[in-house]
Amino acid sequence: MDERRLGVVSGLGAYALWGVFPLYFPLLEPAGGLEIVAHRVLWSLVFVALLLTVVRRWGLVRAAIRSRRTLLVLAGAAVLISVNWLIYVYGVNSGQVVETSLGYFINPLVSVLLGVVVFAERLRPLQWVAVGIATVAVVVLTVDYGRPPWIALGLALSFGTYGLMKKVVRVEAAPGLFLETALVAVPAGVVLAVLHTGGDGTFANAGIGHALLLASAGVATAVPLLLFAAAARRIPLSTVGLLQYLTPLMQLAIGVFVYDEPMPPARLAGFVIVWIALAVFTADTLRHARAGARKASQDVVVPTP
């Protein structure tokens, strides 16, 4: 299998696994959102530590630890991804899978806006058009829900800001996930201790099958992230950007067809407007990428004998 095909397969695997999360997290009940996220942190730490040992990549962890700036940024990223996980688990386990899918549909546009605010990046005209269309969609969905779509906005903002912080420091996927989970492992342990002391913890009280499912959260967290990292190294970011829509499409389908969540006409209209915004954004991104590739090929100087 050539590198490009392997990258596409890895990307599809990552986004498909993320796409079936709405079927996975309800299996972890009767554990609540806080307990699920705490176990996700601790078991991810254990799984990635074993992985780093097998592939002998502890040197990358030690290199990151030596940089105070890297640790501070990763600490912020750890808090953001923990918040994102908590919002997502709450959304899925409270029967709001459709709204969680909306969060990942609008995430690319939120990331673009964060780039403007934080890095003073300049948007192309069609990118502004896409952002404007998405804003209309949020207004339409606010009218439909009777409130702003807080779950979707919380997911998009937390994950978009998390991506922003990961862009500031470049650490490979496995060492980065190890450090992020290590930095919030103590609070996660405290949460579990408090829950079990108060009789609300389920790990030791709901059978061995439930305990194994909670422990599997570490694998469920790390595997798609590692597949994504493998994809990002082998295929263009424009291809990764197209593949990412697989996750919210799967989540939307699960919410509507598996969990029978309502999709009234106004809500459907809001989603259609979001998809139009994404179509404009994606078309502009692909056109810009092709233009950049053509310019790069024209700038190549062919040596003469």
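No experiment lies behind these values; they were computed from the predicted model shown.
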Over all heavy atoms of both residues, which pair between Ala64 and Leu179 is shortest? Give the atoms and the distance, please.
CB-CD1, 3.5 Å
Considering all heavy atoms of both residues, which atom of Gly176 and which atom of Val171 are nearest to each other, and what is their separation?
N-CG1, 3.6 Å
Would you indicate whether the side-chain heavy atoms of Phe228 and Gln244 approach each other to under 4.5 Å?
no
If you count every heavy atom of other residues, nucleotides or ligands that lies below 6.0 Å from Arg56 atom CZ, does the total exceed 12?
no
Worked check of side chain to side chain contact (heavy atoms under 4.5 Å, CB included) between Ile87 and Val83
CA-CA 6 Å; Ile87 295 172; Val83 170; 3.8 Å; yes
Whether the side chain of Glu172 engages the backbone of Leu60 through a donor-acceptor N/O pair (distance < 3.5 Å, no angle test) should be reported.
no
To the nearest 0.5 Å, what is the distance between NE2 on His210 and CG on Leu27?
11.0 Å
Look at the aromatic rings of His39 and Trp43 and report parallel, tilted or perpendicular, splitting at 30° and 60°.
parallel
Quick check: is Leu183 connected to Val191 through a chain of hydrophobic side chains (ILVMFWY, heavy atoms under 4.5 Å apart)?
yes
Nearest heavy-atom approach of Val140 to Ala266 is CG1-O, 3.7 Å
Identify the residue among Val89, Leu213, Val92 that makes a side-chain contact (heavy atoms from CB on, under 4.5 Å) with Ile36.
Val89
Sub-3.5 Å donor-acceptor pair from the side chain of Ser101 to the main-chain atoms of Val98, do we have one?
yes
Phe21 atom CZ, over 12 foreign heavy atoms within 6.0 Å
yes
Check the orientation of Phe105 and Tyr245. Use parallel for under 30°, tilted for 30 to 60°, and perpendicular for over 60°.
parallel
If two hydrophobic side chains count as joined below 4.5 Å and joins carry through other members, does Leu177 share a cluster with Leu72?
no
So, the side chain of Tyr259 versus the backbone of Pro22: is there a donor-acceptor pair under 3.5 Å, distance only?
yes
To the nearest 0.5 Å, atom CD1 of Ile133 lies from atom CH2 of Trp275 at 15.0 Å
Decide side chain to side chain contact (heavy atoms under 4.5 Å, CB included) for Phe281 and Thr285; before the verdict, give the C-alpha distance in whole Å, the side-chain angles of both, and the deciding distance to 0.1 Å.
CA-CA 6 Å; Phe281 175 78; Thr285 300; 4.0 Å; yes
Do Thr100 and Val97 have side chains that get closer than 4.5 Å, going by heavy atoms?
yes
Is there a side chain to side chain contact (heavy atoms under 4.5 Å, CB included) between Val41 and Thr221? Walk through the geometry before answering.
CA-CA 9 Å; Val41 167; Thr221 298; over 6 Å; no
For Pro175 and Val61, the nearest pair of non-hydrogen atoms, with its separation, is CB-CG2, 3.8 Å
Less than 6.0 angstrom separating the ring centers of Phe178 and Trp58, yes or no?
yes
Quick check against the 3.5 Å criterion: does Ser158 have a side-chain atom that pairs as donor or acceptor with the backbone of Leu155?
yes
How far does OG1 of Thr202 sit from CD of Glu29, to the nearest 0.5 angstrom?
10.0 Å
Rounded to the nearest 0.5 Å, what separates atom CG in Leu195 from atom CD in Glu35?
5.5 Å
In terms of side-chain heavy atoms, does Gln251 have a donor or acceptor partner in Tyr88 at a distance below 3.5 Å?
yes
Specify the closest pair of heavy atoms between Leu17 and Pro224, including all atoms of both residues, with the distance to one decimal.
CB-CB, 4.1 Å
Exercise: identify the closest heavy-atom pair between Ala156 and Gly103:
CB-O, 3.5 Å
Any salt bridge between Glu261 and Arg267, counting N to O under 4.0 Å?
no
Atom CG of Asp284 and atom CH2 of Trp128: how far apart are they, to the nearest 0.5 Å?
13.0 Å
Short question: side chain of Glu99, backbone of Trp150 - any donor-acceptor pair under 3.5 Å?
yes
Is it true that Val20 and Leu246 fall in one hydrophobic cluster, defined by side-chain heavy atoms closer than 4.5 Å?
yes
Would you indicate whether the side-chain heavy atoms of Leu192 and Phe203 approach each other to under 4.5 Å?
no
Shared ILVMFWY cluster between Val136 and Val131, side chains joined below 4.5 angstrom?
yes
Hey, quick one: are Leu102 and Val138 part of the same hydrophobic cluster, counting side-chain heavy atoms closer than 4.5 Å, chains of contacts allowed?
no
Atom pair CG (Leu114) and CE (Met165), whose distance is rounded to the nearest 0.5 Å
11.5 Å
Apply side chain to side chain contact (heavy atoms under 4.5 Å, CB included) to the pair Glu180 and Tyr162, showing each step before the final yes or no.
CA-CA 11 Å; Glu180 288 164 24; Tyr162 171 76; 2.9 Å; yes
Classify the angle between the aromatic ring planes of Tyr104 and Phe159 as parallel (below 30°), tilted (30 to 60°) or perpendicular (above 60°).
perpendicular
